[in-house]
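We use all heavy atoms of the structure for the numbers below, so side chains are in, but hydrogens, waters and symmetry mates are not. Please read these numbers as outputs of a predicted model, since none were measured by experiment. Read the numbers this way: they start at 1 and go in the same order the structure lists the ligands and their atoms.
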Amino acid sequence: MRLNCGYEAPACKAEALRLLAVNSGVRNLRIFAGGTDLLLRVRAGKEKDPTVLDISGLGLDYIEEEADLIRVGAMVTLSRAQKFFADLPEPLRLQSVSSGRVGCWQTRNVATLAGNVCTGLPSADAAVTLLCLEAGIRAESVRGSRLIPIDEFFKGPRRLALEEDEMVTEIVIPKPIAPDGGRFGGDFEKLGRRGELFISVLSVGCLLQLNAAGAVEKARLACGVLAPAPIRLYETEKFLAGKNLTDDLLLKAGEVMRGEIKPRDSYRGSRRYREAAGVNVMKRVVKKSAERAGRA
Ligand SMILES: Cc1cc2nc3c(=O)[nH]c(=O)nc-3n(C[C@H](O)[C@H](O)[C@H](O)COP(=O)(O)OP(=O)(O)OC[C@H]3O[C@@H](n4cnc5c(N)ncnc54)[C@H](O)[C@@H]3O)c2cc1C
């Protein structure tokens, strides 16, 4: 099937940024990474007179590990991220878990981690754990480069903190440090109607740092489809910090969480179901994260 759209395939990043620049003369440019989301929209006529900007030739398919961070280029596929992060210690392993839950392996072999984030969808699974890991999103344009904290990146469904002339070139993930004998653990769970190949009804990710005494030093919680975009659960995190994890504490944490999510009704799940199930999934991922931290 032929797609009714223009096509640009720049050979380097500078050329791509020139095309994206406001005065380039090419309008309605849509960045095309793996295309697993974009091409469906073009085919369905949801993008008006688009020209796709193929970024596969820009050398952005790198993963670079430095002493205190990891840089994941915008063309790194979810399969590659799944494999790379699986070999890393807690809590970085978390990024492998969520990357490996997107679609099926055929999708993950072409879909990119950055593309997942840039859909701006509340159901973007891999974005949820990037929120827990406090990643930064590198945006570049002819005007320069900036690093946007991921919790400032999502503005609503398909709305991002990106200017029209900007492109995401990499995702920067800091390596968490646990001083004084602290230990990390993390977990991610998505709920849906089948075991595999489904869009999340909801998802929750957790990164937990336990101190030497076993209490919560730091909690990082994020969720998908429980608000118009993936969000951090800041109030629930604050509530858990400094406390020993007990069933009673998690029950109260669930009440705090209810106050900061805004699920909606859809054909995949009702608002009430999402609220109740979201709280249960939060309790499970916190418990599993604590178990993993205990083993680390
Ligand atoms: C069968 C199937 C199953 C799926 N299952 C899931 C699932 O379980 N969970 C899930 O989260 N998603 C799922 N998806 C959606 C999609 O596959 C993923 O979100 C994927 O990660 C998107 O990556 P991509 O590289 O294909 O993005 P593309 O389709 O290339 O781009 C997606 C959007 O991001 C923009 N974009 C891409 N890269 C950049 C960049 N570098 N800078 C700025 N903007 C950019 C594009 O313009 C477009 O608007 C599924 C899709 C299919 C077809």
Side-chain angles (χ1 to χ4, degrees), residues 3 5 7-10 13 16-17 19-20 28-44 46-48 50-62 72-82 95 97-131 137-141 145-146 148 153-154 157-171 188-203 205 222-225 229-230 268:
L3 288 177
C5 64
Y7 179 72
E8 296 281 350
K13 194 165 72 181
L17 297 183
L19 283 167
L20 280 168
N28 299 332
L29 268 181
R30 294 289 175 266
I31 294 172
F32 167 25
T36 59
D37 174 73
L38 179 68
L39 293 188
L40 301 189
R41 290 179 60 76
V42 172
R43 199 172 287 170
K46 289 183 179 165
E47 299 286 349
K48 200 169 161 2
T51 295
V52 299
L53 179 70
D54 183 342
I55 60 166
S56 61
L58 313 185
L60 297 176
D61 53 351
Y62 59 84
V72 180
M75 275 309 294
V76 170
T77 63
L78 288 158
S79 291
R80 188 151 162 230
Q82 181 184 1
Q95 198 51 46
V97 182
S98 63
S99 299
R101 298 304 315 274
V102 175
C104 53
W105 63 264
Q106 291 94 333
T107 310
R108 294 192 291 272
N109 279 351
V110 284
T112 60
L113 180 60
N116 190 258
V117 173
C118 290
T119 61
L121 288 172
S123 57
D125 293 316
V128 170
T129 50
L130 287 173
L131 276 160
I137 309 296
R138 168 91 51 213
E140 290 190 52
S141 70
S145 158
R146 64 187 177 122
I148 308 170
F153 192 66
F154 301 111
R158 292 199 182 275
R159 288 196 302 114
L160 305 170
L162 270 188
E163 299 296 335
E164 211 186 323
D165 62 345
E166 285 181 316
M167 166 172 93
V168 170
T169 53
E170 65 179 12
I171 296 173
F188 169 82
E189 185 177 330
K190 69 185 258 191
L191 281 192
R193 293 180 175 225
R194 344 178 243 275
E196 209 164 348
L197 193 51
F198 61 89
I199 300 296
S200 291
V201 172
L202 66 93
S203 65
C223 59
V225 209
R268 289 201 177 91

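With salt bridges taken as basic N to acidic carboxylate O contacts below 4.0 Å, one links K190 and D125. Contact check on R146 versus E166 returns a salt bridge, with a Lys/Arg side-chain nitrogen under 4.0 Å from an Asp/Glu carboxylate oxygen.
Nearest approach of A127 to F154, heavy atoms of both residues: CB-CZ, 3.8 Å.
Note on ligand 1: R108 sits outside its first shell, no heavy atom being nearer than 4.0 Å. At least one heavy atom of K190 sits closer than 4.0 Å to an atom of ligand 1.
Some N or O of I31 is nearer than 3.5 Å to an N or O of ligand 1, by distance alone. The shortest N/O to N/O separation between A111 and ligand 1 does not fall below 3.5 Å. In terms of N/O distances under 3.5 Å, ligand 1 is not approached by I55. Every N/O-N/O distance between L197 and ligand 1 stays at or above 3.5 Å. Where the criterion is an N or O separation shorter than 3.5 Å, residue side chain and backbone included, F198 meets it with respect to ligand 1.
Looking only at protein heavy atoms, the nearest one to atom 1 (C) of ligand 1 is T107 OG1, 3.8 Å.
Here L78 has side-chain heavy atoms under 4.0 Å from ligand 1, and that is the only part of it that gets that close. Residue contacts with ligand 1, taken as heavy atom pairs separated by less than 4.0 Å, involve S123 solely via the backbone atoms N, CA, C and O.
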